[in-house]
Amino acid sequence: MHLSRFPRLHFAHLPTPLEPLERISKHLDGPNLWIKRDDCTGLSSGGNKTRKLEFLMAEAIEQGADTIITQGATQSNHARQTCAAAARLGQECHILLEDRTGYHDEAYAHNGNVLLDQLHGGSISLRPADSDMNAEMEHLAQQLRDDGKKPYVIPGGGSNETGALGYVNAAFELTHQANERSLQIDHLLHATGSAGTQAGLVVGMQAMNSGIPVYGVGVNAAKQQQEEKVFDLAQRTLDFMDLSQGLVAREDVVANSDYVGEGYGLPTDSMVEAVKMLASFEGILLDPVYAGKGFAGLIDLVRKGHFKKGENVVFLHTGGSVSLFAYPKIFDLPGYS
Ligand SMILES: *Cc1c(COP(=O)(O)O)cnc(C)c1O
C-alpha cells in the first residue's frame with residue numbers, strides 16, 4: 001500500500017519509540033507490556049493528533065486555505081496540536097472549545113492545553129455543553145469567508161478519512177518496528193474517542209494482514225456506539241483509499257467502555273492509579289482524560305487474566321500529559337488539596 005498518493009506534510013518526529021515497560025510488567029506479573037510513544041510526536045509536547053494533522057494540513061494547503069478552524073473540549077489536545085501545526089505553517093487558527101466537563105476552576109480554564117493554544121497564537125471562543133459544534137464551526141467559517149478568508153474546517157479530533165491516514169501509517173510503522181526486532185505483538189491497546197486513531201489502525205493492520213488485534217478503551221461513548229463510530233470511519237477510510245470495504249469486518253472493531261466513569265474528562269480512581277503507576281515506575285506521564293483511562297483499562301485487564309503470560313501487549317500512548325496541569329488536585333498530593 002502506497003500512502004504517498006495522498007498529500008502529506010512532514011512535521012511529526014517519526015518513527016516514535018517502541019519501549020518495554022519492564023518495571024510495570026514485573027509489578028503486575030502478567031504479560032510483557034510495551035509502550036509505543038506517540039506522546040513523543042514532537043509538535044507542542046506531542047500526541048496522536050500530529051500524525052493526522054500531517055495529512056489534514058497538507059489538504060488545507062492544497063485547497064488554498066489561509067485559516068484553520070477546529071473544535072474540541074476545553075482541554076482538547078487536538079485543538080492544541082492544531083494551533084501548533086497552524087503556527088508552523090503560518091496559518092491563522094480559530095478553535096471552538098466546548099464546556100463538556102462543567103469545570104471552571106483556574107487550572108482547568110486557563111492552564112494546560114488552554115495556555116498552549118494561546119502561546120501558539122490560536123483564537124479561542126468558548127461554547128456551552130451540548131452545542132452543535134459542527135454547526136458552530138460552519139457558522140464561523142461563513143463569517144470568515146465573508147471577511148475574505150479561506151478557511152479549512154477540521155472535524156473534532158481530526159477524525160475523518162484524511163486524518164485517519166495518519167494512523168494507517170502508524171500501523172505500518174509499528175508492524176515494521178516489531179518485525180525489525182522479531183517482536184511478536186499479540187495485542188495493541190489505546191484510548192479511543194473521536195475514532196480516527198482506532199479506525200486508521202484497524203484499516204492499516206487489516207490491509208497488511210498483520211494479525212495484530214486492536215482494542216480501544218473508550219473515554220466517552222458506550223461500547224456499541226463507540227464501535228459503530230470506529231467501524232463507520234474505517235469503512236469511509238477504506239473507500240477513500242480505494243480498498244475493498246470487506247477488508248474490515250464489524251467484529252474487527254472492539255471497544256470497551258468500562259473505564260469511562262461518570263463521563264468525558266471526569267476523573268476516576270483507576271485513572272489516578274494508572275497515572276501514578278506509570279509516573280512512578282517508568283518515568284512516563286499519562287493524562288487524566290484519555291491515556292490515563294486507557295492504561296487503567298490495561299491494568300484491570302492484566303489483573304483479570306485477560307492476557308496470557310509471555311504474550312506481548314503494546315499500549316499506544318496517545319499523549320495529552322499537559323492536561324495534568326489542568327487537574328492538579330485530583331492526585332491527592334501534599335500541598336494540592
Ligand atoms: C484525541 C485523543 C485520543 C483519542 O483519539 P481519537 O482518534 O480521537 O479516538 C486519545 N488520547 C489522547 C491523549 C487524545 O488527545
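These numbers come from the heavy atoms of this one structure, side chains and all, not from hydrogens, waters or symmetry mates. For ligands, and for the atoms within them, numbers begin at 1 and follow the listed sequence. Given the structure is predicted, the values throughout are model-derived calculations rather than measurements.
In summary, of the residues considered (Leu33, Asn32, Leu28), a side-chain contact (heavy atoms from CB on, under 4.5 Å) with Leu21 occurs for Leu33 alone. Of the candidates Glu92, Gln118, His94, Ser123 forms a side-chain contact (heavy atoms from CB on, under 4.5 Å) with just one, namely His94.
Residue-ligand proximity, Thr197 to ligand 1, at heavy-atom distances under 4.0 Å covers atoms 5 (O), 6 (P), 7 (O). With ligand atoms numbered from 1 in the order given, ligand 1 contributes 7 (O) to contacts under 4.0 Å with heavy atoms of Gly196. The contact set between ligand 1 and Thr192, taken as ligand atoms under 4.0 Å from a residue heavy atom, comprises 9 (O). Distances below 4.0 Å separate heavy atoms of Asn77 from the following atoms of ligand 1: 13 (C), 14 (C), 15 (O). The contact set between ligand 1 and Ala191, taken as ligand atoms under 4.0 Å from a residue heavy atom, comprises 4 (C), 10 (C).
Neither the backbone nor the side chain of Val289 comes within 4.0 Å of ligand 1, counting heavy atoms alone. Here Ser76 has no heavy atoms under 4.0 Å from ligand 1, in either its backbone or its side chain. Contacts with ligand 1 closer than 4.0 Å are made by side-chain heavy atoms of Lys52 only, the backbone lying farther away.
For the pair Lys329 and Tyr103, the cation does not sit on the ring face, since its NZ or CZ is not both under 6.0 Å from the ring centre and inside 45° of the axis. Both cation-pi conditions hold for Arg51 and Tyr167: the charged atom is under 6.0 angstrom from the six-membered ring centre and inside a 45 degree cone around its axis.
Between Glu138 and Arg145, at least one side-chain N (NZ, or NE/NH1/NH2) sits under 4.0 Å from a carboxylate O, which counts as a salt bridge. Salt bridge status for Arg127 with Glu136: present, with a side-chain N to carboxylate O gap under 4.0 Å.
Nearest protein neighbour of atom 13 (C) of ligand 1, counting heavy atoms only, is Gly319 O, 2.9 Å. At the top of the distance list for atom 9 (O) of ligand 1, counting protein heavy atoms only, stands Gly193 N, 2.7 Å. Looking only at protein heavy atoms, the nearest one to atom 5 (O) of ligand 1 is Asn48 ND2, 3.0 Å. The protein non-hydrogen atom at the shortest distance from atom 11 (N) of ligand 1 is Thr318 OG1, 2.6 Å. Among all non-hydrogen protein atoms, the one lying nearest atom 1 (C) of ligand 1 is Lys49 NZ, 1.5 Å. In terms of protein heavy atoms, atom 8 (O) of ligand 1 is closest to Ser194 OG, 2.5 Å.
Any N or O atom pair closer than 3.5 Å counts here, and Gly320 shares no such pair with ligand 1. Residue Tyr290 places no N or O, backbone or side chain, under 3.5 Å from any N or O of ligand 1. For ligand 1, one of its N or O atoms has an N or O atom of Ala195 under 3.5 Å away.
Gln226 places a side-chain N or O within donor-acceptor distance of the main-chain N or O of Gly193, the cut-off being under 3.5 Å. No donor-acceptor pair under 3.5 Å is formed between the side chain of Arg37 and the backbone N or O of Glu19.
In this structure, Tyr336 places its OH atom where only 12 or fewer heavy-atom neighbours from other residues, nucleotides or ligands lie under 6.0 Å away.
Under the 4.5 Å side-chain contact rule for hydrophobic residues, Phe172 and Leu238 share a cluster.
Using a 4.5 Å heavy-atom cutoff, the side chains of Leu285 and Leu278 are not in contact.
Not a single heavy atom of Gly47 lies less than 4.0 angstrom from ligand 1.
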